[in-house]
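Okay, structure first, notes after.
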Amino acid sequence: GGGAKRGGGGGPSQQNNSNGSKKLAGAAPAVIPLEDRDDMELEQQELAARYKKYSPNTQLAMSKLDHNAIDYDLVVDTIKWLCRLKSPLEAANYLNGSKKFSKNGNQQQRQQQQNSKNGNDSETDSSSLAILVFLPGIKEITTVQELLVKSMSSPAARDWVLPIHSTIPPEEQRLVFVR
């Protein structure tokens, strides 16, 4: 006669995962939705779906991006670009494709520089003239600081590129609060 299966209660068998939790043997792994997965876990087609509103060149650049490396040139260029803007609103308008952002930046930039020289820069939002960049460690912070100082035409750049890290003396870190 046909008796009971060995191994107990007749239900699906269980296996322990490496983290100690149990899963059903033979069960398919859970599918994580596209929006919850990191870019580096996506295939080319999935990246294209995620970034469908962007150009094919941008999609290709995203697929080649090394998520484990810091693109220091990109960090420096982004900071320099932000420094040329009048306010965070101008950056948001540009990034959102607003028509309020003037593509004729050269004339605008010359006028802004002239106003700054004359002490008449009423267009600039001075309440938000700080840029915070979060980096994983002191080595990365120092690298960005050195690249920024080298890339700036003004010697005053040394005075406004201020690192914050637990290994930097508190009196140096407090400089970020001085206007």
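Values below: every heavy atom of this structure, side chains too, minus hydrogens, waters and symmetry copies.
In terms of modelled atom types and a separation under 3.5 Å, the side chain of Gln59 and the main chain of Tyr54 share a donor-acceptor contact. A donor-acceptor contact shorter than 3.5 Å is absent between the side chain of Glu172 and the backbone of Ile168. In this structure, Asp38 contributes its side chain and Glu41 its backbone to no donor-acceptor pair below 3.5 Å. Formation of a donor-acceptor pair under 3.5 Å by the Glu140 side chain with backbone atoms of Gly137 is found in this model.
Contact check for Val75 versus Ile70: side-chain heavy atoms found under the 4.5 Å cut-off.
Ion pairing between Arg37 and Glu46 holds under the 4.0 Å rule for side-chain N and carboxylate O.
The same ILVMFWY cluster, assembled from side-chain heavy atoms under 4.5 Å apart, contains both Val133 and Trp81. In terms of hydrophobic clustering, with Ile, Leu, Val, Met, Phe, Trp and Tyr side chains grouped at heavy-atom distances under 4.5 Å, Leu60 and Leu42 are assigned to different clusters. A continuous path of ILVMFWY side-chain contacts below 4.5 Å connects Ile164 to Leu162, so both sit in one hydrophobic cluster. Note on Val161 and Val176: separate hydrophobic clusters, where clusters join Ile, Leu, Val, Met, Phe, Trp and Tyr whose side-chain heavy atoms are under 4.5 Å apart, directly or indirectly. Grouping the Ile, Leu, Val, Met, Phe, Trp and Tyr side chains by contacts below 4.5 angstrom, directly or via other members, places Met40 apart from Leu74.
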Could you give me the CA-CA distance, side-chain angles and deciding distance for Lys80 and Val76, then say whether side-chain contact (heavy atoms from CB on, under 4.5 Å) is met?
CA-CA 6 Å; Lys80 288 170 64 175; Val76 169; 3.8 Å; yes
Assess whether side-chain contact (heavy atoms from CB on, under 4.5 Å) is satisfied between Leu175 and Phe177, documenting all intermediate values.
CA-CA 5 Å; Leu175 292 173; Phe177 299 107; over 6 Å; no
Can you check side-chain contact (heavy atoms from CB on, under 4.5 Å) on Ser63 and Tyr51, steps first, answer last?
CA-CA 10 Å; Ser63 71; Tyr51 297 107; over 6 Å; no
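Interatomic distance, CG of Leu147 versus CG of Asp73, reported as 7.0 Å (0.5 Å rounding). Within the model, atoms CG of Leu82 and CD of Glu90 stand 10.5 Å from one another, a figure rounded to the nearest 0.5 Å. Summarising the geometry, atom CD1 belonging to Ile79 is positioned 10.0 Å from atom CG belonging to Leu132; distances are rounded to the nearest 0.5 Å.
In terms of heavy-atom proximity, Gln145 sits nearest to Pro163 at NE2-CD, 3.5 Å. Of all non-hydrogen atoms in Leu135 and Ile141, the two that sit nearest each other are CD1-CA, 3.8 Å.
No more than 12 heavy-atom neighbours from other residues, nucleotides or ligands sit within 6.0 angstrom of CD1 on Ile32. Annotation for Glu171: atom CD counts as buried by contact number, over 12 foreign heavy atoms lying within 6.0 Å.
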